[in-house]
Engineer: 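Attaching a single structure in structure tokens format; questions to follow.
Nothing here was measured: the structure is a model prediction, and the numbers come from that model. Residue numbers begin at 1 in each chain, while the letters A, B, ... track the order of the sequences.
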Number of protein chains: 2
Amino acid sequence: MDIKRKDFIISDTPALCQACESRHRGVCGALSSDQLLQLSRHSHRRVVPPGTELVGESTRINSYSNIISGVVKLSKMMADGRQQIVGLQFAPDFLGRPFRKENGVSAEAATEVTICTFPRTVIERMIGEMPELEHQLLEQTLNELDEARNWMLTLGRKTAAEKVASFLLLIATHAFPENERDSVEFELPMSRMDIADFLGLTMETVSRQLTKLRGEGIIRITSNRHVEVPDISRLSDRAGF
Amino acid sequence: MDIKRKDFIISDTPALCQACESRHRGVCGALSSDQLLQLSRHSHRRVVPPGTELVGESTRINSYSNIISGVVKLSKMMADGRQQIVGLQFAPDFLGRPFRKENGVSAEAATEVTICTFPRTVIERMIGEMPELEHQLLEQTLNELDEARNWMLTLGRKTAAEKVASFLLLIATHAFPENERDSVEFELPMSRMDIADFLGLTMETVSRQLTKLRGEGIIRITSNRHVEVPDISRLSDRAGF
DNA sequence: CGACGCCTTGAACGATGTCAACGTGCGTGG
DNA sequence: CCACGCACGTTGACATCGTTCAAGGCGTCG
């Protein structure tokens with residue numbers, strides 16, 4: 001069946017939502033067409049450049065968003081400026097902490113990011129009315145918890161070499177979720193400094209480890225951001241698995 | 001009103017649950033007396049010694065528990081034996097990962113632990129019937145996520161001295177949740193080796209940093225496990241705040 | 001008393017951080 | 001178009017922190 005034709009038939013789905021990944025994999029997957037419509041009346045899309053602060057570390061939360069495209073980094077900072085990135089979010093993740101006034105992390109666009117934003121009150125009302133939506137949030141939160149704990153192992157117990165390999169692997173798997181192949185190439189969504197802040201290292205150490213992996217033929221770096229991995233299993237070995 | 005008398009009036013609350021902290025602060029707080037009764041028919045209490053494995057890293061989950069007393073450590077291990085503790089759980093935390101077949105972490109009793117265990121099927125059915133219970137789980141999961149991300153900052157960016165101070169502070173605040181005083185004393189719930197695995201350090205480094213804090217008069221260590229903190233704010237300074 | 005588990009202490013080593021110089025790509029303004 | 005400055009990344013030399021390896025202390029239990 002022609003896709004356009006099908007979209008015409010279910011035309012009560014808001015136009016904006018029709019092409020949106022969140023409608024299937026994200027939290028919006030829990031909503032009916034009617035509910036999507038209701039929500040979409042209060043939502044608006046934004047495209048923001050890299051570096052934009054989306055949520056401050058101790059600002060009140062008055063809106064939530066779905067990530068439509070791009071990468072968002074969640075980070076914490078110490079008084080003296082030391083910084084740690086505590087998570088990356090990709091489409092179609094839900095951005096924001098339901099039922100929390102403060103969230104304790106700041107969210108910043110790592111790449112150019114497209115988000116779909118709704119006011120806090122609307123979401124919280126809908127959660128109250130729809131157990132399924134809350135279930136969806138619990139699922140995502142559990143996933144984030146798993147990822148956080150995996151990363152704790154990386155931060156606490158892996159060497160610099162293993163950390164950098166782990167990072168490349170993380171990006172590779174997010175760039176190609178269902179990948180079966182052994183060779184991939186992708187763009188790094190962030191700078192060397194950001195990678196360092198994610199891995200608990202310095203920029204210099206990250207750079208040296210990348211150079212080492214390049215020297216060993218495990219990766220190729222064409223531009224600063226573009227990485228090719230001819231054999232993922234060799235990279236995986238370096239990550240400590 | 002006399003407490004015993006009050007308990008008598010709501011005597012449809014199962015006897016085991018009456019004195020249980022989970023009934024108020026934990027997930028059971030979401031349940032009515034009837035539901036508690038229903039759940040308690042399928043639950044049983046266990047007291048296990050330190051070191052008991054409660055959940056294996058890749059074992060299927062067939063039961064859930066509430067922690068009644070004691071401390072449970074959640075950890076991950078690499079193939080070569082390197083280990084990282086990724087979280088500590090205290091009463092009245094809920095132990096187990098709803099809707100996950102595997103959980104990716106192993107849970108082990110750090111101290112002597114009392115738990116109240118229910119079969120998976122019962123819990124999952126009750127969650128389906130009671131949105132409030134799922135909400136309770138979401139709240140706890142969000143709390144665990146916050147703690148995990150805080151600890152990521154500790155693992156990635158703090159010095160050994162700051163890590164050890166942070167750990168002592170964590171235990172102190174859990175031992176005295178609503179504490180306003182500036183002086184506390186408590187028992188460490190785990191060995192130097194465990195502390196090292198929690199902080200991403202070696203046992204030796206932990207020991208040296210404790211000795212240093214003792215030398216500076218910030219803590220006193222009477223037995224190996226017993227710690228006194230005369231002035232919490234001084235300890236807090238050392239934790240990097 | 002001796003053996004054992006747990007912890008502390010010391011000395012040497014090594015991985016990662018620090019500091020500084022240099023390279024590279026890119027946009028801007030002459 | 002070139003020269004320049006700037007942001008970002010790489011590389012080198014050296015310093016430092018935390019690990020490693022080894023010895024010894026301390027309390028507990030046989």
Engineer: Whether B:Arg181 engages the ring of B:Phe176 as a cation-pi pair (distance to the six-membered ring centre under 6.0 angstrom, angle to the ring normal within 45°) should be assessed.
Structural biologist: yes
Engineer: Any donor-acceptor pair under 3.5 Å linking the side chain of B:Thr211 with the backbone of B:Ser207?
Structural biologist: yes
Engineer: Rounded to whole angstroms, how far apart are CD on B:Glu204 and C1' on D:dC17?
Structural biologist: 14 Å
Engineer: Is the distance from OP1 or OP2 of C:dG17 to the nearest side-chain N or O of A:Thr205 less than 4.0 Å?
Structural biologist: yes
Engineer: Heavy-atom nearest nucleotide on DNA chain D for A:Val206 versus B:Thr159: which residue maps closer to 5'?
Structural biologist: A:Val206
Engineer: How close or far is atom C1' of C:dG5 from atom CZ of B:Arg225, stated in whole angstroms?
Structural biologist: 12 Å
Engineer: Got a second to check how far B:Gln140's CD is from B:Leu145's CG, nearest 0.5 Å?
Structural biologist: 12.0 Å
Engineer: Write down the distance between CE (B:Met190) and P (C:dC7), rounded to a whole number of angstrom.
Structural biologist: 11 Å
Engineer: Got a sec? Which of residues 193-202 of chain A come in under 4.0 Å of DNA chain C, heavy atoms?
Structural biologist: A:Gly200, A:Leu201, A:Thr202
Engineer: Think A:Ser207 has a side-chain N or O under 4.0 angstrom from the OP1 or OP2 of D:dT10?
Structural biologist: yes
Engineer: If the threshold is 4.0 Å, N to carboxylate O, is there a salt bridge linking A:Glu187 and A:Arg225?
Structural biologist: no
Engineer: Just how far, in rounded Å, is C1' of C:dG5 from CE of B:Met203?
Structural biologist: 11 Å
Engineer: Take the protein atom NZ of A:Lys163 and the nucleotide atom P of C:dA15, then report the distance between them rounded to whole Å.
Structural biologist: 14 Å
Engineer: Locate the shortest heavy-atom distance separating A:Thr159 from B:Arg82; write the atom from each residue and the value.
Structural biologist: N-NH1, 4.2 Å
Engineer: Give me the one residue out of B:Ser63, B:Ser65, B:Ser43 that meets side chain to side chain donor-acceptor pair (under 3.5 Å) with B:Thr117.
Structural biologist: B:Ser65
Engineer: Atom NZ of B:Lys158 to atom C1' of D:dC17: distance rounded to whole Å?
Structural biologist: 18 Å
Engineer: Verify whether one side chain among A:Ser236 and A:Ser233 offers a donor that lies under 3.5 Å from an acceptor in the other.
Structural biologist: no
Engineer: Rounding to a whole Å, what distance do you find between A:Arg157:CZ and C:dT16:P?
Structural biologist: 13 Å
Engineer: Between residues 208-224 of chain A and DNA chain D, which residues have a heavy-atom gap below 4.0 Å?
Structural biologist: A:Arg208, A:Thr211, A:Asn224
Engineer: Assess the side chains of B:Arg45 and B:Asn66: does a donor N or O sit below 3.5 Å from an acceptor N or O?
Structural biologist: no
Engineer: Between B:Arg82 (CZ) and D:dT19 (C1'), how many Å, whole number?
Structural biologist: 13 Å
Engineer: Should the pair B:Phe167 and B:Phe198 be assigned to parallel (<30°), tilted (30 to 60°) or perpendicular (>60°) ring geometry?
Structural biologist: perpendicular
